[in-house]
Amino acid sequence: MAERGGPHLYTIPAHRAFADALAAGLIRRYRGDPLRLARGTVLLPNNRAKRTITDAFVRASGGGLLLPRLVAIGDADPEEALAAAIDPADAAEPVPPAVAPLARRMILARLVSEERAAGGVPIDAAEAVRLAGDLARTLDQLLVEQVDPARLSHLSVAEGLSEHWQRALAIFQLLLDRWPRALADRGQIDLAERRTRLLGRLGDRWRAAPPEGFVCAAGITAAAPAIARLLRVVAELPDGLVVFPDLATMMDEAEWQALGPHGPDLVTGRRARAIETHPQFQLKLLLDRMGVNRGEVAQWRDGGGHDATAARARAIANAFAPADFTAKWTSLPAEARQLAGVRVAELATPAEEAQAIALALREALETPGRTAALVTPDRKLARRVAAHLGRWGIDIDDSAGRPLSILPSGTLLTALAEAAAQSFAPLALFALLKHPLVRFGDARQDWLEGARALDRALRGPRPAPGLDGIAAHLGDDEARDAAVRAAAARWWPQVQALLEPIAAVFERGPQPLVGMIAALRETAQALCGDALWSGAAGRAAAALLADLEIEAEAGPALVDPDSLPALLRTLLDEVAVRAPQGGHPRLAIYGLIEARLQTADLMILGGLNEGVWPAQAAPDPWLAPRIRQELGLPALDRRIGLAAHDLASALGAPEVLLTRARRDAQSPAIASRFWLRLEAMSGGLRRAGAIEHWTRALDDPGAHLPAARPHPSPPLALRPGRISVTEVDRLKADPFAFYARKVLGLAPLDPVDADPSAAWRGTAVHAILEAWVTEDGAAPDRLVPRALAMLGDARTHPMLRALWQPRLIEAIGWVLDKTLALGDAGREIIAVDRSGTIAIAGVELTGKADRLDRLADGGLVIVDYKTGKAPSTRAVAAGFSLQLGLLGLIAEGAGFEGIRGTATGFEYWSLARSGDGFGKISTPVDVAGRGNGIAPEDFTGVAARHFSDAAALWLTGDEPFTAKLVPEYAPYADYDQLMRLDEWYGRERS
């Protein structure tokens with residue numbers, strides 16, 4: 001490569017593999033002296049690029065090679081450790097150390113919390129930590145762009161802002177005043193400021209005394225002033241060179257100048273808006289800040305092993321022309337618009353897209369030595385692809401890593417914090433107790449048995465809060481599921497002992513964060529042992545908690561325990577855990593940052609939808625867009641330009657597959673603006689038809705064979721010989737549901753932490769009325785106090801107490817008034833909640849009467865309390881809802897112990913709204929003798945006949961238990977999935 005006068009500037013076009021071309025060129029340039037290569041220094045954007053360039057040197061050398069020093073300088077990422085070349089230990093005047101990232105976050109959170117409280121808008125610690133993250137990013141941008149914060153005080157544009165932005169700006173200025181003092185007290189500076197100083201010193205040192213070896217800055221696109229100055233120094237070194245990735249040297253000058261940034265208008269003083277969303281804007285800004293012209297940049301002559309054609313690079317440049325210049329597309333020759341080697345696959349859903357990508361990666365392995373990589377900003381898509389590749393035993397890791405918050409160690413910590421914050425409400429408690437890391441190892445099986453027993457015991461409405469509330473719930477011997485609760489009660493003490501320390505801490509209310517973090521760590525250790533801290537995720541979790549315990553004192557003074565889960569989740573989300581190396585040698589998954597400078601024979605660019613690639617611009621809650629523009633900070637949508645450059649660079653691979661899904665998890669998706677540009681410029685890209693077909697065919701069963709309507713017919717010996725009056729309607733309307741419940745023994749479980757259902761409310765009302773009669777002797781002054789006592793019980797669901805109490809009290813008052821009025825007429829209550837049994841039609845018929853009254857003439861009245869509406873007369877006429885008649889039949893057959901008589905009255909006492917109040921008495925029989933119903937004296941006989949017919953068919957006969965036989969009287973869906981209702985219902989009736 002011939003030496004040139006002036007700055008030594010080069011670019012490797014998009015159609016060449018950057019890393020391989022760079023390595024080949026440097027080896028050729030210094031091949032005469034192998035040690036000369038080893039004495040050199042290569043400046044790179046990040047640590048991922050260091051590994052990429054190392055691999056490229058290995059491939060290019062074909063044998064042993066002494067590598068140059070590789071130094072990452074491009075990003076202000078705290079994980080990117082500054083090499084000794086930039087931060088020498090023997091510096092005459094050391095640069096102050098940088099504040100630790102978490103310490104900075106906690107200090108800023110404290111400052112934000114204090115300023116918000118002083119402004120009359122207090123926020124909790126979790127929100128303060130979240131806002132501190134946004135504040136830290138804005139501060140970093142000010143530091144990286146070297147913007148003096150004092151300029152904020154002199155901006156006239158601030159006067160025209162809305163009240164919200166003015167308030168945010170005022171708080172921001174106060175924070176800017178306090179933050180430097182907080183750093184000075186610690187003797188530290190911001191990491192971005194430290195990096196800027198170190199880069200400046202390095203440039204000064206090299207300018208004064210050029211290093212002995214060569215210096216090459218390669219692949220750096222960051223346009224920070226400090227980096228631009230350093231690159232200018234490197235370009236002017238005697239043996240220095242700067243190599244840009246995909247600088248558009250052939251771009252029309254008018255298009256290039258249109259990108260900006262623009263100077264102020266001579267008349268108005270306003271600046272035209274730069275096109276920061278263009279893939280070349282960042283490079284143009286970098287050149288401007290370096291003080292060099294695009295014409296001074298030469299093309300790097302060497303190529304790599306994964307190069308596409310030069311025509312591809314020209315087509316890519318045309319596709320990303322600024323919007324005002326896209327009219328030229330219509331006049332371009334066909335060869336300038338073609339994207340040969342680029343295919344697209346458009347799938348229906350993200351699941352299909354992941355399947356298609358996995359198939360394309362799997363296909364690449366069929367060719368020996370062929371490499372392939374997926375590049376996507378969608379980490380969910382990346383995880384899905386990795387899971388699909390597991391189908392073929394292919395181990396592949398996402399180099400962008402996964403958030404600690406979704407890995408086992410992170411989810412355990414958030415589950416524990418959430419359970420403690422919710423006073424161990426059932427759902428949060430079970431998420432903790434059933435976590436895969438809890439009691440990991442030999443003891444887990446016994447632990448899960450206990451957790452399952454507790455799961456059954458806590459079904460239904462939530463018990464009283466706290467660990468003691470659960471213990472009291474399990475110790476209720478009078479509950480209908482007392483046996484289930486007893487089994488859980490034997491296991492619960494060991495759980496309570498483990499959780500009591502953190503429960504005691506959380507019960508203290510707002511307190512310093514360090515105590516809660518210590519309790520969280522100790523309880524997590526007690527639950528999981530060392531398994532919690534093992535592996536990459538465990539080590540990351542341990543490091544985060546250790547740092548948080550150290551730095552918590554610098555954060556908000558008092559933290560509400562309720563905010564700890566959100567605070568913890570925010571911090572865990574920001575920790576990326578990368579798997580150790582060892583995945584497939586020819587396949588890779590990259591994020592956008594990790595993919596820079598990478599290449600492969602096949603590059604798959606996935607997730608090309610708006611909001612994904614490019615992502616939506618993240619808002620800045622501190623500085624309004626107009627303020628950012630006046631300060632010269634990057635526009636919020638500059639990341640779109642970076643994403644465009646990433647896409648353009650990846651399009652330079654020999655073969656490229658673009659993929660998108662037509663809809664996401666919630667709604668139809670819009671194709672990425674980049675996808676649409678490529679389609680519009682090229683006139684339509686070639687479809688990857690084979691991949692799309694294989695994706696649909698891979699899991700296609702060929703033909704769907706839905707299940708037929710089930711109609712099991714067990715032998716007589718297995719058919720129940722005992723039935724409750726409440727099950728008769730189920731037997732007749734939906735025999736299969738009866739079969740599932742009584743023959744198979746499959747009873748539906750209540751949801752965990754369920755809202756009080758109608759059945760639960762009915763049970764509560766029955767318990768009140770029963771206790772009022774049996775324990776209070778139906779004393780008029782005891783009914784309402786008993787109802788209030790039930791509502792005031794700690795075990796009563798808060799929603800029930802808040803929403804149902806007014807209705808219940810009014811309905812209970814109506815019951816009392818009616819009972820007293822009927823008592824004055826000679827009617828008395830003789831039994832409540834009484835169970836009875838008789839033999840009829842070859843089976844035992846059982847039932848429980850809510851209330852039995854004796855009339856003055858000796859007749860019996862069967863009363864059934866309803867919290868909802870009573871059954872309709874239409875259902876009774878159809879042979880359903882005959883429960884009162886069957887109870888009357890049991891009474892007349894002496895089935896209720898100690899009660900004799902003829903049932904002459906049948907009443908539903910509904911506590912639901914009726915007219916302007918609550919409460920209504922209705923009857924299923926024709927009391928008035930109008931001839932439009934069943935006469936009271938015939939009701940038990942009609943009920944007996946209908947029951948006998950049903951018993952003869954299904955209980956003592958051989959009739960199949962057909963699903964949904966009379967669907968209009970089978971409203972419950974408890975067994976619809978078991979009977980596979982959706983597969984046959986409707987077709988058989990059509």
Side-chain angles (χ1 to χ4, degrees), residues 723-733 758-759 762-763 765-766 769-770 773 815 818-819 822 827-838 840-841 844-855 857-897 899-912 914 919-930 932-951 969 971:
I723 184 173
S724 168
V725 296
T726 57
E727 293 285 348
V728 175
D729 279 359
R730 189 192 303 268
L731 174 65
K732 295 169 64 178
T763 300
V765 169
H766 285 75
L769 295 173
E770 177 190 5
V773 175
V815 170
K818 285 294 181 182
T819 301
L822 293 173
R827 177 168 159 176
E828 65 172 323
I829 302 173
I830 58 173
V832 293
D833 207 31
R834 181 67 63 88
S835 298
T837 304
I838 61 169
I840 179 174
E844 280 189 6
L845 177 64
T846 67
K848 179 179 286 188
D850 291 344
R851 176 171 144 184
L852 294 172
D853 288 2
R854 177 83 67 184
L855 296 174
D857 60 5
L860 298 176
V861 180
I862 315 297
V863 176
D864 188 29
Y865 294 118
K866 295 287 185 185
T867 53
K869 292 183 178 180
S872 66
T873 55
R874 177 174 171 271
V876 173
F880 294 91
S881 299
L882 299 177
Q883 177 181 347
L884 291 183
L886 294 175
L887 289 172
L889 189 66
I890 295 174
E892 292 181 349
F896 295 115
E897 184 178 355
I899 296 176
R900 301 289 186 274
T902 300
T904 58
F906 307 91
E907 295 175 351
Y908 290 112
W909 286 38
S910 173
L911 277 63
S914 177
K920 179 182 179 181
I921 296 177
S922 60
T923 179
V925 296
D926 182 13
V927 177
R930 298 174 181 173
N932 58 351
I934 304 172
E937 60 271 16
D938 299 332
F939 193 40
T940 55
V942 170
R945 185 173 67 255
H946 280 285
F947 174 75
S948 297
D949 292 343
Y969 295 111

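Given the structure is predicted, the values throughout are model-derived calculations rather than measurements.
- Asp949 pairs by the side chain to side chain contact (heavy atoms under 4.5 Å, CB included) definition with Arg945, not counting sequence neighbours.
- Inter-residue side-chain proximity for Leu860 and Ile899 is flagged as met; some heavy-atom pair is nearer than 4.5 Å.
- When all heavy atoms are compared, the tightest approach of Pro924 to Val876 is CB-CG2, 3.8 Å.
- Take Phe880 and apply the ring pair (Phe, Tyr, Trp, His ring centres under 6.0 Å) test, not counting sequence neighbours, and it matches Tyr969.
- Contact record, Ile830 with Arg834: O-NH2, 4.4 Å, taken as the closest heavy-atom pair.
- The line from CZ of Phe947 to CD1 of Ile840 is 6.0 Å long, rounded to the nearest 0.5 Å.
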Validation: residues 884-894 side-chain donor-acceptor distances under 3.5 Å, sequence neighbours left out:
{"unit_1": "Glu892", "atom_1": "OE1", "unit_2": "Thr940", "atom_2": "OG1", "d": "3.4"}
{"unit_1": "Glu892", "atom_1": "OE2", "unit_2": "Ala903", "atom_2": "N", "d": "3.1"}

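- Inter-residue side-chain proximity for Ile862 and Leu852 is flagged as met; some heavy-atom pair is nearer than 4.5 Å.
- Side-chain contact between Glu937 and Thr904 is absent, with no heavy-atom pair separated by less than 4.5 Å.
- With a 4.5 Å cut-off on side-chain heavy atoms, Asp729 and Ser881 count as touching.
- For the atom pair OG1 of Thr923 and CG of Asp864, the computed distance is 11.5 Å after rounding to the nearest 0.5 Å.
- At distances below 3.5 Å, not a single donor-acceptor pair connects side-chain atoms of Lys732 with backbone N or O atoms of His946.
- Smallest separation of non-hydrogen atoms from Leu882 and Ala943: CD1-CA, 4.0 Å.
- For the atom pair Gln883 CD and Tyr908 OH, the distance stands at 6.0 Å (nearest 0.5 Å).
- Partners of Ser724 by side chain to side chain donor-acceptor pair (under 3.5 Å), not counting sequence neighbours, listed by chain and number: Thr726.
- Counting heavy atoms from C-beta outward, Trp909 and Asp850 have side chains that stay 4.5 Å or more apart.
- By the side chain to side chain contact (heavy atoms under 4.5 Å, CB included) test, Lys869 is found to be paired with no residue, residues two or more places apart in sequence or in another chain being considered.
- Enclosure of atom NZ in Lys866 by more than 12 non-hydrogen atoms of other residues, nucleotides or ligands within 6.0 angstrom is indicated.
- Contacts of Lys920 classified as salt bridge (charged side-chain N to carboxylate O under 4.0 Å, His left out), with partners at least two apart in sequence or in another chain: none.
- Legend: residues meeting side chain to side chain donor-acceptor pair (under 3.5 Å) with Glu727, ordered by chain and number and at least two apart, are Arg730, Arg741.
- Partners of Asp853 under the side chain to side chain donor-acceptor pair (under 3.5 Å) rule, at least two apart in sequence or in another chain, are Arg827, Arg851.
- Under the rule for a side chain to side chain donor-acceptor pair (under 3.5 Å), the partners of Glu844 that lie at least two apart in sequence or sit in another chain are Arg722.
- Taking CG from Leu855 and OG1 from Thr902, the interatomic distance works out to 11.0 Å, rounded to the nearest 0.5 Å.
- Minimum heavy-atom separation, Pro936 to Val925: CG-CG2, 3.9 Å.
- Atoms CD1 and CG, from Ile829 and Leu769 in turn, are 8.5 Å apart once rounded to the nearest 0.5 Å.
- With sequence neighbours excluded, the residues satisfying ring pair (Phe, Tyr, Trp, His ring centres under 6.0 Å) with Phe906 are Phe939.
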